Each structure stands twice: as C-alpha cells, then as structure tokens.
Amino acid sequence: MLIEELKREVEKRLPSIRAAHVFRVAETATALASLYSVDQEKVEIAALCHDIAKAMERDKLRSIIEDNGIDRRYLSYPHELWHAPAGTVIAKKEFGIADEDILNAIMYHTTGRRGMSDLEKLIYIADLIEPGRDFPGVEDLRLIAQLSLDDAMKASISHSLQYLIAQQATIYPDSLECYNEHVQKQE
Ligand code: DGI
Ligand code: FE
Ligand code: FE
C-alpha cells in the first residue's frame, strides 16, 4: 500500500485529533531517521500504522489478539496496550505489510522490549516526543533524541516506567526488560 493510501486509512480509521498525532509522529520519526540513517520509507510506514487500531472497541481488540496468534499475556494487562499488537495484525492482513521490522515497530511501540532495532526505537521515541506532547521532561528527551538513539531510548523508557509507577499501573514485562537492557548497557 502506498504512503498516500496509508494516510487516507489513518484519516478514515481515527478521530481527527488522533490522526493529527499520527502525522506528527511520522514527521518526527522521519526527521530522526535521516539523523540515524534508518530507511525513511520504512519509518514513515511504521509511524503511519503505529496507532491504526487505537479507536477500536476493547472487545474487537481482544478478538484480534485471540484470533491471530498474538502473545496472550497482553490480555492479562491493561487494554491500553492492546492497540499495538492489534495494529500489527491490521498492517499485515489489511494493508499487506510484510516487513518484519515495520511490524515489530508497530507491535512494540507502546511497551518497548529487549533487543529493539533502530527502527523500533525510533518509533517508540517519536511517539513520546512528537511536538504535540507536553509533559515535564519532554524538552530533555527531545534534546537527547538529537544526540544518541540509545541514550534517548534509555531516557524514554525510564520516563515511561516512572510515569506508570507513579500511577501504580501494572508494568508489562517487556517494558521492564527494555529498561534493564538499557541501564545494563551503560554500566
Ligand atoms: O497510543 P499513544 O497514546 O500514542 O501512546 P502509547 O501507545 O505509547 O501508550 C498508550 C497507553 O499505554 C498510555 O496511556 C501508556 C500506557 N502504557 C504503556 N506501557 C504500559 C502502559 N500501561 C500499563 N499499564 N503498563 C505498561 O507497561
Ligand atoms: Fe499507541
Ligand atoms: Fe501514538
């Protein structure tokens, strides 16, 4: 599916505020892609698809996960996580996207994981720092993102976990493994 067609799918499937977020993530991610020599087209496709399932009903997301061989652990964790793996299924089955790196970038954009590719990190970071985000510390994350993809991923996953822990939210194990990997790397 062409980029222009994907943009129309985003507009069709998401409310305008969410679609605007997706387009800002695509702009942020493609800018970072040139900095870190990641394939521009893959980055743009992954960014446009990352929240494609965000507006689906909870029951629909649950059945997509159940019916497509997705890790069932997601279903014991908060439903806010489900749109990421469900988006992977839509990208693959409805948009015909077969590139594993793009599919993984969609799958892990919410939780992160151990062993992320540069494309996966880039989408995770762009989702957090796109210009519409406004939270204490976002300016620091934007600066770090200009300097090092690994430092930015470390700072981003740390920020996300601190935010979740402050709310006493349950933490998906992949997020903890991602965090541990990034703090171990720099010891
Ligand atoms: O879809 P977005 O709003 O652009 O951003 P996202 O996909 O990164 O996050 C969606 C929601 O999921 C957000 O409210 C934070 C939450 N979240 C991310 N990781 C975890 C999580 N919630 C829980 N409980 N546990 C996690 O590990
Ligand atoms: Fe998301
Ligand atoms: Fe997003």
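In each ligand, atom 1 is the first atom listed, and ligand 1 is the first ligand listed. Keep in mind that this is a model prediction, so the values were computed, not measured.
Here atom 15 (C) of ligand 1 lies nearest to Leu164 when heavy atoms of Ile157, Thr111, Leu128, Leu164 are compared. When the heavy-atom distances from atom 27 (O) of ligand 1 to Tyr77, Tyr163, Tyr172 are ranked, the shortest goes to Tyr172. Looking at Glu80, His21, His83, it is Glu80 that brings a heavy atom closest to atom 16 (C) of ligand 1.
Heavy-atom contacts from other residues, nucleotides or ligands closer than 6.0 Å to CD of Gln167 number more than 12. Within a 6.0 Å radius of CD in Glu41, no more than 12 heavy atoms belonging to other residues, nucleotides or ligands are found.
A salt bridge links Glu4 with Lys7: the distance from a Lys NZ or Arg NE/NH1/NH2 to an Asp or Glu carboxylate oxygen falls below 4.0 Å. Asp59 and Arg62 are joined by a salt bridge, as a carboxylate oxygen and a charged side-chain nitrogen come within less than 4.0 angstrom of each other. Ion pairing between Arg113 and Glu120 holds under the 4.0 Å rule for side-chain N and carboxylate O.
Only protein N, O or S atoms were scored, and 4 of them lie under 2.8 Å from the Fe ion (ligand 3).
Given atom 17 (N) of ligand 1, the protein heavy atom at minimum distance is Leu81 CD2, 3.7 Å.
Close approach of ligand 1 to Lys54 (heavy-atom distance below 4.0 Å) involves ligand atoms 1 (O), 2 (P), 3 (O), 10 (C). Listed by number with element, the atoms of ligand 1 under 4.0 Å from a non-hydrogen atom of Ser175 are 27 (O). Residue-ligand proximity, Ala169 to ligand 1, at heavy-atom distances under 4.0 Å covers atoms 24 (N). The atoms of ligand 1 that sit less than 4.0 Å from any heavy atom of Pro78 are 24 (N).
Counting heavy atoms under 4.0 Å from ligand 1, residue Thr110 touches it through both backbone and side chain. Residue-level proximity to ligand 1 for Gln167 is absent, since no heavy atom of it falls below 4.0 angstrom. At a 4.0 Å heavy-atom cut-off, ligand 1 does not touch Glu130 at all.
Polar contact check, Asp127 against ligand 1: a nitrogen or oxygen pair lies under 3.5 Å apart.
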Let me have the donor-acceptor pairs involving side chains of residues 169-177, under 3.5 Å, with sequence neighbours excluded, atom names and distances please.
unit_1: Asp174; atom_1: OD1; unit_2: Arg73; atom_2: NH2; d: 3.4
unit_1: Ser175; atom_1: OG; unit_2: Thr111; atom_2: O; d: 2.9

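Between Trp82 and His79, the ring-plane angle classifies as perpendicular under the 30° and 60° cut-offs.
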(request) Evaluate the salt bridge (charged side-chain N to carboxylate O under 4.0 Å, His left out) criterion for residues Glu94 and Arg13: first the C-alpha distance (whole Å), next the side-chain angles of each, then the deciding distance (0.1 Å), finally the verdict. (result) CA-CA 12 Å; Glu94 298 192 40; Arg13 290 166 189 254; 2.8 Å; yes
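For atom 11 (C) of ligand 1, a protein heavy-atom neighbour is found at a distance under 4.0 Å.
Both Val22 and Tyr108 belong to a common hydrophobic cluster when Ile, Leu, Val, Met, Phe, Trp and Tyr are linked at side-chain heavy-atom distances under 4.5 angstrom.
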